[in-house]
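Report on the structure given below.
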Amino acid sequence: MSLLLDAFAALLLLIGAFFYLAGTVGLIRFPDALSRLHALTKADNIGLLSICAGSALMAGELRVALLLLLIWLMALFAATVSAHLIARRSLRDAEDSGADAGKSPS
Amino acid sequence: MNWLLPGLILFLLVNLLAGLWRVWRGPSSADRMMSALLFGSTSVAVLILMAEWQGIRALRHVALLVVMLAAIIAITYVGISGARDKGSETNPDRKAP
Amino acid sequence: MVAEALACLVLVPVVAACLALVLPGRWRWLAVAAGLLPLPLAMAWLTGELGREGLITVAVAGFEAPLGIVWRLDGLSAVLVWLNIIIALLVGLHAAAHYPADKLNGFRFWPLWLLLSGAMNALLLSADLFNLFVTLELVTLAAIGLLVVDRKPQAMRAAVRYLLLALLGSLFYLLGVALVYGQTGTLDLYQAAGVLQPDLLGHTALVLMTVGLLVKAAIFPLHGWLPAAHGNAPGPVSAVLSAMVVKVAVYLVWRLWLWLAGDWAIPAGLTMLGLLGALAIVYGSLQALVQQRVKMIVAYSTVAQLGYLMLLFPLLGLVAFQATSYHLLSHGLAKAAMFLAAANLLTRLGTDQLGDLRGADRRMPLDVFTLALAGVSILGLPPSGGFIAKWLMLQTALAQGGWLWVGVILVGGLLAAAYLFRVLAVLCARPVACPELPVSGKADQLTSLVALGLALAALAAGFVPAPVLKLLATAWPLGGAP
Amino acid sequence: MVIDVFLALGLVVLAWQALIGGSLFRGIVMFIVFGMVLTLAWAWLGSPDLAMAEAAIGAGVTGALIMIAYWRLRRINAVEPRDPSPARSRLALVIAVLATGLVGAIGLAAVSALTGDATAARVMNETLPDTGLGNPITGVLIVFRNLDTLLEVAVVLAAYIAARAALGRESADLPLPPAPDTPLLTPLVVTLAPLTMVVAIYLLKAGSQYPGGAFQASALLAALGVLLVLTGRVGPAAAANWLTRAGLVIGTLVFCLVGLGMLVIGAPLLAIPGIWAVYLIEAAMMISIGLTLVLLFAGAPGLSGKRS
C-alpha cells in the first residue's frame, strides 16, 4: 500500500515537472505575447497543483496537505489576476503600435 | 527514490533559468513580467520539494510567504509597469535587441 | 546607577526623538529639552565614577560577551562623549534659532538631531564589532537626513553621493566583521583581540574594516564626498558633521589598530596610514587655499585637520595618543565654531562668496571675531587646545627623529595660517559698498554668541589640559613610550 | 552538489545581468529574479529564516520600490536611456583586477575561518532554553543582542524621517500609477487583505519557536500596503496624522520603554522579562517597519483613507 502511494506521489511530481517544462517551452517557443501567456499560466497552475498533491501524499499529514492547498489556491489567484492584467497591457501595446492585436512586435 | 526529489529540484531550476532567456530577449515588458511570474511559481514548487527533501517544515512557510508576496507583488509589478501615462507614448522596451 | 546613567546617554535621546515626532506643536520643545538636558548630568556623574574605577563596563540585557553586547566606557570614549554632548547642546542651541521645534522645519530637524546624538553615544560606548556597525549606520543615516533638511539641490546631490559611499564603506566594514567572527567566535572587540591571529584572515579583516571606515572618515584619497557635503549642509549640520560624524570613524580605526590588532599591527601599515594623513594635511590645506566660498574653505580645512588624527599611527606612543585625542577634541570645538560663524555670515549677508564679503567685520564683528578666534586653535597658536595638541605631536616626532612628520606638522600649520589669513584679510578689508544690514534680532545675537562660546571653549582647552590628558592616559592600551 | 553549483552560478549570472542590462526595465526584472534565486539558495542551505527575509524584503518590497522608482523616472524622462551602464573607462581593468584580488583574499580568508571556533553560537545554544524561545534567531534578535535590533528599528525610523525631509512639501504631488481598471481587483483585495494579516500574525507568533518573526511579518504587511496604495484603497497624504506618526514610532518607543522599565524594577537594562515581552516588542516592530516601508513606497509623509 505504502509503496503504491509513494509511486503515485512520485508520478504526480513527475507530471508536475512535465507541465512546468511544457510551460517553459511554450514561453520560449510560442510566437506572440498572448499565446505565451496562455501556455505559461495554464501549464504552471496544473504543474503546481500536481507537485503540491504529490508532496502532500509524501508527507502524509493533514496539516501539510491543507497548507499546500492554501499555497496552491493563492498561486491560482495571483496567476489569474496578473495574467489578466498582463494580457490587457500586451493588447494595448499592440494597439498602440498599430499592429494586429496579439501579434508580437518585432 | 533518493534521486527523484533532488533530480526534480534540479530540473525545475534548469527550467527556471531557461525561462531567463525570455527575460533577456523580451521583446516587450509584458514578456519580461510574465517570465518573472513564471519564476515565482517555479520557486514555490522548488521550495515545496526542498521542504520534503530536507525535512525542514519551515520551508513550506517560506513557500507560503513567497506565494502571498507573489500574489501581491505580481499585481503591483503589473500595475506599475502596465500603467501608462502622458509621458510615455512610445514604449522603448520594444526597441530592445 | 552606572547602568542607569549609560542607558540615559543612549536611550533618552532616542525616546525623545520618538516623542518629538508624535507630540504636537510646542510640546516638541519639551521633548527636545528632555532628550538633551539630562545628558551632561549623567555624563558628569559617570566621569566621577570613571575617575575612581578607571574603566566602566556594563553587559546590556544582562548577557556578557560573547553572547551579549558590552558597553565599555574608558578615558577615550569619555572625552568623545563629552565632546558629543557639548556639540549636541551648544550647536543645538544655534539650531533652535533656525529650526524652532514648533514649526515644520523644526519638526523635520529635531528627531534626527536627537537620534544622531543618541546613536553617537551608543557608538562611543559599544565594545561590540557588530553593534558598532549598527550604530555607525544610524549615525550616517541621521546625518544624511540632516544634510537634506533644507532641501537645497546641492545638498541633495552631496547627500546622495555621501549615502552611496557610506554604504560601500559599511559593506567593507561588515565583511571584515564577518571574517573576525568566523575565526574568533565572538563579536566583542576585546575578546576577539586575544584570539585574532596575524595571519591572512586577520590582515584581510583588518584591511577591509579599515578601508570601510576610511571612506566614512573621508581620509585622503577617499575624501571626495566630504567638501560638497559639509560645505552645502545647513550650518549646525556642517558643524556636527565636521566635529563628530567623521571623527567617530577615525576613532574606530584607532580602536581597530591599537586595541583589536594591538601588538601585531604591521609597521608598514602604520606608516601607510600616517602617510595618508600627511597627504590629507597637504592636499586639504592647498585646496582650502584656492576655494572661493568660506564654507568650502572650512570644509577643506576639515579634510586637512583629519590628517593629523592619522599621525597617531606612525608616532605610536602615549604622548602621541594624548596629542591626537586632544587635537580631536579641540578641533571639534573650533571647527563647530567656524562652521556656525560661517553659517551666520551666510544667513545674514546672503552669501559666503569670499569676493562679496569685503568689510564683513564692520557689519558682523562678533562672527568675524569668532572665525579668527577659532582659527587660532586650528592654527595651533598658543594659548589654545590646538596648540597643546600640535606641540605634543611635534615633541613626539622630534623625540623619535621622525623628520618627515615634523615637516608635515609644520607645513600643515603654515598652510593653515595662509588659508585662514586669506579669509580674514578679505573679511576685514575696506568695503567697496556696504548695504545696510537689518538690525540684528535676539535670534541672531544668540547664534553669534553660541559660535563665540564654542571658539572660547576651544581656546580654554589650552589652559586646562591636565585633567583631560590624565583621563586619556588611563585608556592607552599599549604601555609607555616606545 | 550539482544544485549548489547551479545555484551559485545562476546567482552570479543574474547579478551580472541585473547590472549590465541592455535596458533599465530588464535590469529590474533580473534583480527580482535574482532575489527569488537567492531565496532558493538560502532554502537549499537550510536557512528558512534568511529565505523568508530575502523573499519578503529582498525580492518583494525592494522590487516594488525599484519598480515605482522606474515608473516615476519614466514620467520625468519619457525616453529610457539607451544604455544605462556607465561609460567604458580604462580604469575598469584596474578596478576589475583589484576587485578580483579582493574577492580572492576574502575567499581564502573565509575558508580559513571555517576552522575557527564558534564560542558565541555554543553559548547561545546553551542559554536559549532558559528564555522559553525555540528559534535561535529570535533569541539573538530580541533577547541576547536586542540593542542591535533596537538601533536597527531606529535606523528604519531615521530612514523615514530622512526621506520625509528630502521630500518636503512637494511630496503630495509625487505621482502614483493609476489603479488598474479591472473588475478582478475588488474581490482580490477583499480576499487577500484579511488573509495576509492572518498570515503575518501567524508568522509573528510562530517566530518564537520556528522561523519567522517581526521582519518577515512586517514585509508581508508592507506588501499588502503597497497593493492597497496601488489599487487606490489608500492614498498618500501631505502630512502624517497622529495615528500614522504613532505607528511609526511605536516600535522604537515600546522597545526603549520595556528596556528602561527593566531598570526601574532592578533588572539589567533591556533585559526581557518573559515571552510576552518578546511578542509585545515584535508586534510593535512589525507595525513600525511595515508602515515605514509603505510610506517609502508611496513617497509621502503620511497616508489618507482614499486616493483622490
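We name chains A, B, ... by the order of the sequence lines, and we start the count at 1 in each one. Remember, it's a predicted structure, so these values are computed and weren't measured experimentally.
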Minimal heavy-atom distance between B/Ala58 and D/Met52, with the atoms involved, is O-CE, 4.2 Å

First locate atom CG of D/Leu14, then atom CZ of B/Phe39, and finally report the distance between them rounded to the nearest 0.5 Å. 7.5 Å

Cut-off 3.5 Å, no hydrogens considered: what does the side-chain donor-acceptor table look like for residues 43-50 of chain D, sequence neighbours left out?
residue, atom, partner, partner atom, Å
D/Trp44, NE1, D/Asp4, OD1, 3.1
D/Asp49, OD1, D/Gly212, N, 3.2

Atom group of D/Val37 that falls short of 4.5 Å from chain B, counting heavy atoms: side chain

Among D/Thr196, D/Val13, D/Leu203, which residue has the highest count of heavy-atom pairs closer than 4.5 Å to chain B? D/Thr196

Go through the atoms of B/Ile56 and report whether side chain, backbone, both or neither lie under 4.5 Å from a heavy atom of chain D. side chain

Quick one, D/Met30 with B/Leu20, criterion side-chain contact (heavy atoms from CB on, under 4.5 Å). Give me CA distance, side-chain angles, the key distance, then yes/no. CA-CA 8 Å; D/Met30 287 289 179; B/Leu20 204 59; 4.0 Å; yes

The test is side-chain contact (heavy atoms from CB on, under 4.5 Å); show your working for D/Leu40 and B/Ile9 and say whether it passes. CA-CA 10 Å; D/Leu40 295 180; B/Ile9 292 171; over 6 Å; no

I need the residue from D/Ala200, D/Ala55, D/Ala51, D/Gly63 with the largest number of non-hydrogen atom pairs under 4.5 Å to chain B. D/Gly63

Turns out that what part of D/Ile68 lies under 4.5 Å from chain B's heavy atoms comes down to both

Distance check, rounded to the nearest 0.5 Å: B/Leu17 atom CG versus D/Leu7 atom CG? 8.5 Å

Top contributor to chain B contacts, counting heavy-atom pairs under 4.5 Å, from D/Tyr210, D/Trp42, D/Tyr202: D/Tyr202

Taking every non-hydrogen atom, the tightest pair across D/Met36 and B/Ser43: CB-OG, 3.9 Å

